[in-house]
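Have a look at the structure below before the remarks.
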2 protein chains.
Amino acid sequence: MTRAQPGNHDDSHAVLQRIAGYRGAPPPGACPVRDVLDRVGQKWTLLILAGLETGPARFSALQRAVGDISKRMLTQTLRQLERDGLISREVFPTKPPSVEYALTPLGRSALAPIAALMDWAETHHDRIRDARAAYDAAEG
Amino acid sequence: MTRAQPGNHDDSHAVLQRIAGYRGAPPPGACPVRDVLDRVGQKWTLLILAGLETGPARFSALQRAVGDISKRMLTQTLRQLERDGLISREVFPTKPPSVEYALTPLGRSALAPIAALMDWAETHHDRIRDARAAYDAAEG
DNA sequence: CTGAATCCGACTTGATACTG
DNA sequence: CAGTATCAAGTCGGATTCAG
């Protein structure tokens, strides 16, 4: 594939530059980058994707896996991800109804770049912490 | 070190799984991943980083480059990025005061994983658009 | 069990006006 | 030029309650 290797500096620049062209473009959907990044930045999106990574899960199982998410937010985030085609939703008409969520191939393909970003975060978070401490000490 | 290769599927999983351990951990700074992702998800962060990518820029130049950002938000985002050590701020005591912002090495190192994510977004945004159209048509 | 609906507080963003 | 201060509006998220 011709996709940029995440570690490739030159390609990174080319991609970064591209978003500049979207400035001042209000219509939603005009900037897929903004679109995806906004979703990634949402509080629960990553936790849910992580929770589905090992396999399909039901609503309650997911809620337990994520931890302190409310049903409201779980439902909402799940809907968004489903709408974006990142996860699938299957209803089983059992006596107590159960619903199973699972990553789609598209959803699974998103894990790699997301993991890259999280990896960067883990690698550099101590440096960031230091920078914050220094900044706060200076102007706190 | 043993950092995951962003494109490596197996390692991606390992990294993803790691965030599950942070569930239910309220204290800020406890989860560097959440921390960084939240910042990335903010509306203007990426545009500003992109604007600084080609080199240092002054406040107004940056505002023009980004587009429709208000001074308030520009200042705020700039401060956060400075605090995190991703950008530097230098004041020149000229007659009309001027301030120049620039990416630090740390900030520059963040561009690669961010670009990887944006690359994914661009590669798959048509698929996402289709999924949304289908979803909206079905339950609109 | 899986959600939908409602209420409400907290945080985010923007517009505007003012300062050094 | 480069901000700061203030206010208004919108959004996000949680708790609670109700329904299929």
Side-chain angles (χ1 to χ4, degrees), chain A residues 23-26 28 31 34-35 37-48 51-52 56-83 87-102 135 138-140, chain B residues 23-26 28 31 34-35 37-48 51-52 56-83 87-102 135 138-140:
Chain A
R23 59 176 172 61
C31 180
R34 266 256 57 77
D35 231 48
L37 265 334
D38 283 351
R39 194 94 56 240
V40 168
Q42 288 188 321
K43 197 171 181 180
W44 303 109
T45 303
L46 293 187
L47 279 314
I48 289 176
L52 288 175
R58 297 218 315 283
F59 188 87
S60 305
L62 216 39
Q63 186 172 23
R64 254 174 288 114
V66 170
D68 55 352
I69 190 174
S70 65
K71 283 188 291 190
R72 186 199 191 310
M73 280 297 103
L74 182 56
T75 301
Q76 188 175 96
T77 310
L78 245 17
R79 286 284 182 278
Q80 287 181 337
L81 292 174
E82 184 195 358
R83 192 172 100 100
I87 66 175
S88 61
R89 176 176 181 272
E90 190 178 5
V91 180
F92 294 94
T94 53
K95 247 288 283 327
S98 71
V99 181
E100 215 175 65
Y101 295 91
Y135 183 94
E139 350 207 347
Chain B
R23 60 176 171 61
C31 179
R34 267 258 55 78
D35 229 49
L37 264 336
D38 284 351
R39 193 92 61 237
V40 168
Q42 288 189 317
K43 197 170 181 179
W44 302 110
T45 303
L46 293 186
L47 278 315
I48 290 176
L52 289 175
R58 297 216 314 282
F59 188 88
S60 304
L62 217 37
Q63 187 172 24
R64 252 174 288 113
V66 170
D68 55 353
I69 189 174
S70 66
K71 282 189 286 191
R72 185 191 187 324
M73 279 299 102
L74 182 56
T75 300
Q76 188 174 101
T77 310
L78 245 17
R79 287 283 182 280
Q80 287 181 337
L81 292 174
E82 185 195 357
R83 192 172 101 100
I87 67 176
S88 61
R89 176 175 179 273
E90 190 177 4
V91 180
F92 294 94
T94 53
K95 247 286 286 326
S98 72
V99 180
E100 215 174 65
Y101 294 90
Y135 183 94
E139 345 210 350

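Below, chain A is the first sequence line, B the second, and so on; all start at residue 1. Computed over heavy atoms, backbone and side chain alike; hydrogens, waters and symmetry mates excluded.
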Heavy-atom nearest nucleotide on DNA chain C for A:Arg72 versus B:Ile69: which residue maps closer to 5'?
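Going by which nucleotide is closer to the 5' end, it is A:Arg72.
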Can you find a heavy atom in the side chain of B:Arg89 that is under 4.5 Å from one in the side chain of B:Glu100?
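Not in contact.
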Under 4.5 Å between any side-chain heavy atoms of B:Ile69 and B:Leu47, yes or no?
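B:Ile69 does not reach B:Leu47 side chain to side chain.
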Rounded interatomic separation in angstrom, taking [atom1] from [X] and [atom2] from [N]:
X	N	atom1	atom2	value
A:Leu47	D:dG13	CG	C1'	14 Å
B:Gln76	D:dT4	CD	C1'	12 Å
A:Gln80	D:dT11	CD	C1'	12 Å
A:Lys43	C:dC11	NZ	P	11 Å
B:Gln63	C:dG14	CD	C1'	12 Å
A:Asp68	D:dG14	CG	C1'	11 Å
B:Ile48	C:dT13	CD1	P	11 Å
B:Leu74	C:dT12	CG	P	17 Å

Trace of the side-chain contact (heavy atoms from CB on, under 4.5 Å) decision for A:Val40 with B:Leu37
CA-CA 7 Å; A:Val40 168; B:Leu37 264 336; 3.9 Å; yes
Assuming nearest nucleotide by heavy-atom distance, tell me which of B:Leu78 and A:Trp44 is located more 5' along DNA chain D.
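Residue closer to the 5' terminus by nearest nucleotide: B:Leu78.
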Could you pick out which residue, A:Pro97 or A:Ser70, lies toward the 5' side of DNA chain D when each is mapped onto its nearest nucleotide?
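The residue closer to the strand's 5' end, by nearest nucleotide, is A:Ser70.
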Looking at B:Thr45 and B:Arg39, would you say the former's side chain and the latter's main chain have a donor-acceptor pair under 3.5 Å?
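Yes.
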Tell me which nucleotide among [options] gets nearest to the side chain of [X].
X	options	result
B:Met73	C:dT13, D:dG14, C:dA4	C:dT13
B:Lys71	C:dG20, D:dA2, D:dG13	D:dA2
A:Phe59	D:dC1, C:dG3, D:dG3	C:dG3
A:Arg79	C:dG3, C:dT13, D:dG14	C:dG3

Any side-chain N or O of [X] below 4.0 angstrom from OP1/OP2 of [N]?
X	N	value
B:Tyr101	D:dG3	yes
B:Arg64	D:dA2	no
A:Thr94	C:dC1	no

Do you know which two heavy atoms are closest between A:Tyr101 and A:Leu52, and how far apart they sit?
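Looking at all heavy atoms of both residues, the closest pair is O-CD2, 3.4 Å.
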